[in-house]
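Worksheet for the structure shown next.
Order of the sequence lines fixes the chain letters, A, B, ..., with proteins taken first and strands second; residue numbering starts at 1 for each chain.
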Number of protein chains: 2
Amino acid sequence: MISNKCKYAIKALVYIANNEQDDKAVMTADIAREQKIPRKFLEIILRELRNNRILDSKRGKDGGFRMLRAPENISLTEIMRIIDGPIAMLPCVSLNYYRSCDECEEDSCQIKTVFEQVRDKTLEVLNGKTIKSLTSQF
Amino acid sequence: MISNKCKYAIKALVYIANNEQDDKAVMTADIAREQKIPRKFLEIILRELRNNRILDSKRGKDGGFRMLRAPENISLTEIMRIIDGPIAMLPCVSLNYYRSCDECEEDSCQIKTVFEQVRDKTLEVLNGKTIKSLTSQF
DNA sequence: AATAAATACTATCAAATAGATAGGATTAAT
DNA sequence: ATTAATCCTATCTATTTGATAGTATTTATT
């Protein structure tokens, strides 16, 4: 399971990509209302995406958020790793958050291979999906 | 990520499948030592597998655990669902633990489809793997 | 300069989950 | 009886999840 936080992050990004305009940033309050995401929680999420250089923010009146990078260059894996961390099902099989298991000799681990396969299939799907590809284009 | 508990469960089952004999059940202490799993934690796990009719147990001297069903009929998904619950990344996409998301209309959810694809690919791998297929066969 | 409206930041909190450990009760073979 | 195994209940700590409250700061507009 991904966390609610991560689900909110993805939905918020899709919303921003869909609604931003040259002259106007998208406000937290609008995203919260439209996507039914708790406002204060969303603030934290958007700031985190900003700190990771996914979003740009502007303070004060007429402030809000806009995409810092093109939505077609932001994959779901990138967002998921920022918000939730590893995507793999075992630490010893994670590409970006590798940790060895205390209890096992990796060379002789019986279960590692299976979860490498799961990881590869999962990444095949998620790497191919961008914020843009989730956007409603007419 | 799957939990340590789930990882331990799978490793313990593979160990039991590998080491059980007609006349002798496999003891918690042996599994704990060989697989470096905390003994008391392992007790809880094995009992849970027993309650779910994966294992059979025998109390008292010469007691222990053995497979209740054939290892080739026990898929990884079954174990993972018993120990960790849902395998899918979103509740609204889970086959065995479906829950709707509070905040979204499922028909118009932009992210559901991606996670259905991840689910299908993941299950393709995990349904095909059984305890037997992880066992060392010579 | 004052006001309004937005994000930024800090602190806090409650509930659930993860990951165990301790100790005694029960069962069964010898 | 003794020994050795599972079974059961209770408990514990740390972390994560999911959030809320309140204040500070920034900016556009009047």
Side-chain angles (χ1 to χ4, degrees), chain A residues 1-9 11-12 16 20 23-33 35-52 54-66 68 80 82-86 89-91 97 99 101-103, chain B residues 1-9 11-12 16 20 23-33 35-52 54-66 68 80 82-86 89-91 97 99 101-103:
Chain A
M1 288 273 176
I2 63 173
S3 63
N4 275 346
K5 190 178 177 186
C6 187
K7 184 175 62 174
Y8 294 159
K11 288 190 171 186
I16 293 170
E20 72 176 350
D23 56 332
K24 217 162 171 8
V26 181
M27 290 186 304
T28 308
D30 291 337
I31 307 171
R33 184 181 2 91
Q35 298 294 317
K36 291 186 189 148
I37 301 170
R39 190 191 193 296
K40 282 300 224 176
F41 194 22
L42 181 58
E43 269 190 24
I44 295 171
I45 296 167
L46 294 178
R47 229 180 308 125
E48 195 165 341
L49 291 172
R50 193 212 89 154
N51 294 338
N52 282 277
I54 303 294
L55 289 175
D56 191 18
S57 71
K58 194 186 159 208
R59 295 171 78 163
K61 198 169 183 183
D62 293 338
F65 295 87
R66 39 164 61 89
L68 184 57
M80 291 171 66
I82 288 170
I83 303 293
D84 277 355
M89 286 188 164
L90 286 178
Y97 294 85
R99 277 182 301 116
C101 294
D102 295 335
E103 83 281 3
Chain B
M1 287 273 178
I2 63 172
S3 65
N4 276 346
K5 190 178 177 187
C6 188
K7 183 174 63 173
Y8 294 159
K11 288 190 171 186
I16 293 171
E20 71 175 351
D23 56 332
K24 217 164 170 8
V26 181
M27 289 186 306
T28 308
D30 291 337
I31 307 171
R33 186 181 0 92
Q35 298 294 317
K36 293 187 187 146
I37 300 170
R39 191 193 193 293
K40 281 301 224 176
F41 194 23
L42 180 58
E43 269 190 25
I44 294 172
I45 296 166
L46 295 177
R47 228 180 310 125
E48 195 166 340
L49 292 172
R50 192 212 89 151
N51 293 338
N52 282 277
I54 303 293
L55 291 173
D56 192 17
S57 71
K58 194 186 159 208
R59 296 172 77 163
K61 199 169 183 181
D62 294 338
F65 294 88
R66 39 164 61 90
L68 184 56
M80 292 171 65
I82 288 170
I83 303 293
D84 277 354
M89 287 188 162
L90 288 179
Y97 293 85
R99 276 182 302 116
C101 295
D102 294 336
E103 83 280 6

Ranking D:dT6, C:dT21, C:dT7 by distance to the side chain of B:Pro38, first place goes to C:dT21

Taking only the side-chain heavy atoms of A:Met27 (C-beta and beyond), determine which of D:dC8, C:dA6, C:dA8 contains the nearest atom.
C:dA6

Separation of [X] atom [atom1] from [N] atom [atom2], in whole Å?
X       : N      : atom1 : atom2 : result
A:Asn51 : C:dA8  : CG    : C1'   : 10 Å
B:Met1  : D:dT15 : CE    : P     : 17 Å
A:Ile83 : D:dA19 : CD1   : C1'   : 15 Å
B:Ile44 : C:dT17 : CD1   : P     : 16 Å
B:Arg47 : C:dA20 : CZ    : P     : 16 Å
B:Asp56 : D:dT6  : CG    : C1'   : 12 Å
A:Ile45 : D:dG18 : CD1   : P     : 9 Å
A:Asn4  : D:dT20 : CG    : P     : 12 Å

Each nucleotide N or O in nucleotides 28-30 of chain C that has a protein N or O under 3.5 Å away: list the pair and distance.
none

Taking every non-hydrogen atom, the tightest pair across [X] and [Y]:
X        : Y        : result
B:Ala32  : B:Leu42  : N-CD2, 3.6 Å
B:Thr28  : B:Glu43  : CG2-CG, 4.0 Å
A:Pro91  : A:Cys101 : CG-SG, 4.3 Å
B:Glu103 : A:Gln35  : CG-O, 3.6 Å

Would you indicate what B:Leu46 reaches in the nucleic acid, counting non-hydrogen atoms under 4.0 angstrom: base, sugar-phosphate, or nothing?
nothing

With B:Ala9 via side-chain contact (heavy atoms from CB on, under 4.5 Å) - residues at least two apart:
B:Ile45, B:Leu49, B:Ile79, B:Ile83

Who pairs with B:Tyr8 by ring pair (Phe, Tyr, Trp, His ring centres under 6.0 Å), at least two apart in sequence or on another chain?
B:Phe41

If each of B:Asp84 and B:Arg39 is mapped to the nucleotide of DNA chain C with the nearest heavy atom, which maps nearer the 5' terminus, i.e. the 5' end?
B:Asp84

For the atom pair NZ (A:Lys7) and CE (A:Met1), what is the distance rounded to the nearest 0.5 Å?
9.5 Å

For [N], does OP1 or OP2 lie under 4.0 Å from any side-chain N or O of [X]?
X       : N      : value
B:Tyr8  : C:dG19 : no
A:Ser57 : C:dA8  : yes
B:Thr28 : D:dT6  : yes

No-H, no-angle donor-acceptor pair, B:Lys40 side chain to C:dG19 base, under 3.5 Å
no

Which is more 5' along DNA chain D, the nucleotide nearest A:Ile2 or the one nearest B:Glu43? Just name the residue.
B:Glu43

